[in-house]
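What follows is one structure encoded as structure tokens, with my remarks underneath.
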Amino acid sequence: MAPSAGSSNGQSRPRKLTGDNSDDEKMDLHLKLDDLNSRTQTPTFIFILTFFAALGGFLFGYDTGVISGAMILLRNSFSLSSVWQELIVSVTIAAAAIFALIGGFLNDRLGRRPVIMGASLLFTLGSIMMAVSKDKFALLAGRVVVGAGIGE
């Protein structure tokens, strides 16, 4: 018997699913089909993780919206030019993107828990820096630190 196309060991494939196959092969086929039909329940932990991931994305977008809305007041308080306004709004996103690349390496080296704690501390520190900023440079530095906390 000539080997079928695609077989590397010289054995031919059966022409039918239930042809001259043995009872064991038929039983394996039925078990595989039963596995496809059975529905596994998604663990609650997966739903919780999904919720917090979505919440994180929502808060990131909310932060961008809030800083854009606050820019009306910040522009007057800090005498910001249009370039500075763009920097203050966008530097958090840029820092988050850069620190997301670094965060993977840190997770591998240090583990998840220390990295999450560090990111939380960075975010808190950046928020305090923005709250007490007296000039546009301190405000920008606070936004960078917050972005590092988000990305890490």
Side-chain angles (χ1 to χ4, degrees), residues 3-14 17 25 27-152:
S4 353
S7 65
S8 61
N9 60 3
Q11 296 177 349
S12 64
R13 293 185 188 177
L17 286 177
E25 289 176 357
M27 182 59 91
D28 286 343
L29 177 65
H30 288 297
L31 289 175
K32 288 178 185 175
L33 291 175
D34 288 342
D35 285 345
L36 290 175
N37 291 333
S38 68
R39 185 173 183 184
T40 58
Q41 185 177 1
T42 305
T44 305
F45 183 66
I46 298 297
F47 287 117
I48 292 170
L49 285 177
T50 305
F51 171 75
F52 281 112
L55 183 64
F58 169 74
L59 290 175
F60 193 35
Y62 184 73
D63 172 69
T64 304
V66 166
I67 194 65
S68 296
M71 193 51 64
I72 297 168
L73 299 173
L74 292 174
R75 177 179 47 214
N76 297 334
S77 297
F78 292 110
S79 301
L80 299 175
S81 67
S82 60
V83 172
W84 271 96
Q85 291 177 49
E86 293 170 8
L87 276 173
I88 288 173
V89 171
S90 63
V91 74
T92 302
I93 299 168
I98 292 167
F99 277 88
L101 298 172
I102 298 169
F105 173 75
L106 290 176
N107 274 316
D108 289 342
R109 282 291 210 175
L110 305 174
R112 277 182 309 164
R113 186 168 292 177
V115 172
I116 290 173
M117 293 301 293
S120 299
L121 288 173
L122 275 175
F123 190 86
T124 303
L125 177 67
S127 299
I128 292 169
M129 288 172 65
M130 287 187 294
V132 300
S133 63
K134 300 290 183 195
D135 61 357
K136 58 188 172 186
F137 300 102
L139 181 63
L140 185 67
R143 296 285 293 168
V144 170
V145 173
V146 164
I150 291 171
E152 190 182 342

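Side chains are part of it too, since the values below use all heavy atoms of this structure and drop only hydrogens, waters and symmetry mates. What you are looking at is a predicted structure, and each value in this text was computed from that prediction instead of being measured.
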Non-hydrogen atoms of [X] and [Y] that approach each other most closely:
X	Y	result
Ser68	Val89	OG-CG1, 4.0 Å
Thr92	Asp63	CG2-OD2, 4.1 Å
Val146	Ser127	CG2-N, 3.6 Å
Gln85	Leu80	NE2-O, 3.6 Å
Ile46	Thr50	O-OG1, 2.7 Å
Ala119	Gly149	CB-O, 3.4 Å

- Task: Verify the neighbour count for atom CZ of Phe78: are there more than 12 heavy atoms of other residues, nucleotides or ligands below 6.0 Å?
- Result: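 Atom CZ in Phe78 is crowded, with more than 12 foreign heavy atoms closer than 6.0 Å.
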Could you tell me the separation between the [atom1] atom of [X] and the [atom2] atom of [Y], rounded to the nearest 0.5 Å?
X	Y	atom1	atom2	result
Ile88	Ser133	CD1	OG	8.5 Å
Asp135	Leu140	CG	CG	10.0 Å
Phe137	Trp84	CZ	CH2	4.5 Å
Ser77	Lys136	OG	NZ	13.0 Å

- Query: So among Ile93, Leu87, Ile67, which one has a side chain to side chain contact (heavy atoms under 4.5 Å, CB included) with Arg143?
  - Reply: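 Among the candidates, only Ile67 passes.
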- Task: Sort out for me which residue in Lys134, Met130, Met129 forms a side chain to side chain contact (heavy atoms under 4.5 Å, CB included) with Leu139.
- Result: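 Only one option passes, and that is Met130.
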- Answer yes or no: is there a side-chain heavy-atom contact under 4.5 Å between Glu152 and Val115?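 Side-chain contact under 4.5 Å: yes.
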- Test item: Leu55 and Phe52 side chains (from C-beta on) under 4.5 Å apart, heavy atoms: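 Yes, side chains in contact.
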- Task: Tell me, with the steps shown, if Ile102 and Phe99 meet side chain to side chain contact (heavy atoms under 4.5 Å, CB included).
- Result: CA-CA 5 Å; Ile102 298 169; Phe99 277 88; 4.2 Å; yes
